[in-house]
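To start, the structure itself, in structure tokens.
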Amino acid sequence: MALLTPEDLDNLSAQFEESESTIERVTGTRLTDICKELYGKDLGSEKVGIIPITAGNGIISNFTSSLLFIAQRLGLEGFITQHTDVAGYYEAIRDGADILLMADDHLFIAHNLRNGKLVTNHEATGIIYSEIASRFKDSGSSEILVIGLGRVGYAGAKHLAEKGFDVYACDPNRDFLDKAAHEIGIKEYCKEDRKKFSMVFEATPNANTITEGMIAERCLVSTPGIPCGLPQEVGGKYRVDLVMEPLFIGVTSMLYSVI
Ligand code: 2YH
């Protein structure tokens, strides 16, 4: 996933509401109920401490406020530390945080201080977006396409393989394909096979990764973006249902996964 920009997080609430209603329509289940089933637990009264991190490219102006919005929207108490970095970490623990959220340019983590559970955004995002794709109620197939086998794509492909799906994948990196074939039994997607998928989990940082040859009419594409891998004209022509949102869905998955 590319580094987020403040523009990506504009209108987070509206972006999330649109995705939430698509998720419910295409899977028959609300996001939080999917997370409850997936992780076997519901959120309680955890307090979320959010720490701004200045490393690398530094603070993204609306990143921590977006995380606070998400935590509160999920019914949790949350706070953003006044200090950044190590001083912020100290402050979050001193002020009673149960779960810490913090991100630099490479890693975004949730750490539950009460039970020791730790998750990366890559892993939680891969799991929830692949899970959403796999729940497409109009699919009637066990075949699913994963585009991109980086940290997000690999986590999703593994999750789908463990759920018993027939996972096809593509990635320009030969080593990634071989590793996923060896470790989790994915099959390589070959356009010559002319296979068309009704469930697609896209996990690359690139635009236009989804081609007409890959998708069935009225398929579901589930992707954290950014940018969107589905060309707009292809989405329109094939009447694709698209679940794509920059932060809310992945963070919801992170919080449920550390409970
Ligand atoms: O957006 C990111 C990276 N893409 C995380 C990689 C995991 N998907 N990081 C956000 C950086 C936030 C910044 N350090 C802040 O405001 O605290």
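Just so we're clear, the structure is a prediction, and the values are computed from it rather than from any experiment. One-based numbering, in listed order, for ligands and for the atoms of each.
Side chain of Asp171 to main chain of Leu149: a donor-acceptor pair is present (N/O by atom type, distance under 3.5 Å, no hydrogens or angles). Using modelled atom types, one side-chain atom of Asp85 and one backbone atom of Thr54 make a donor-acceptor pair closer than 3.5 Å. Under a 3.5 Å cut-off, the side chain of Asn112 and the backbone N or O of Ile99 do not form any donor-acceptor pair.
With distances taken over non-hydrogen atoms, the option nearest atom 9 (N) of ligand 1 out of Ile109, Asp104, Leu247 is Asp104. The nearest non-hydrogen atom to atom 8 (N) of ligand 1, considering only Ile51, Ile60, Asn121, comes from Asn121.
The cluster map of Ile, Leu, Val, Met, Phe, Trp and Tyr, joined by side-chain heavy atoms under 4.5 Å apart, puts Ile249 and Leu160 in the same cluster.
Summarising the local packing, CZ of Arg25 is surrounded by more than 12 heavy atoms from other residues, nucleotides or ligands at distances under 6.0 Å.
Counting the atoms of ligand 1 from 1 in the order shown, those under 4.0 Å from a heavy atom of Pro52 are 17 (O). Here is the list of ligand 1 atoms found below 4.0 Å of a heavy atom in Gly58: 13 (C), 14 (N). Close contacts of ligand 1 with Asp105, meaning ligand atoms under 4.0 Å from a residue heavy atom, involve 3 (C). Short contacts between ligand 1 and Leu4, defined as distances under 4.0 Å to a heavy atom of the residue, involve ligand atoms 1 (O).
For ligand 1, the polar-atom distance check finds an N/O of Ala103 within less than 3.5 Å of one of the ligand's N/O atoms.
By the criterion of a heavy-atom distance under 4.0 Å, the side chain of His122, and not its backbone, is placed next to ligand 1.
Side-chain atoms of Glu202 and Ser222 include no donor-acceptor pair closer than 3.5 Å.
A heavy-atom separation below 4.0 Å is found between His106 and ligand 1.
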Let me see the working for Lys47 and Asp98 under salt bridge (Lys or Arg N to Asp or Glu O under 4.0 Å), right down to the final yes or no. CA-CA 5 Å; Lys47 190 168 168 184; Asp98 300 305; over 6 Å; no

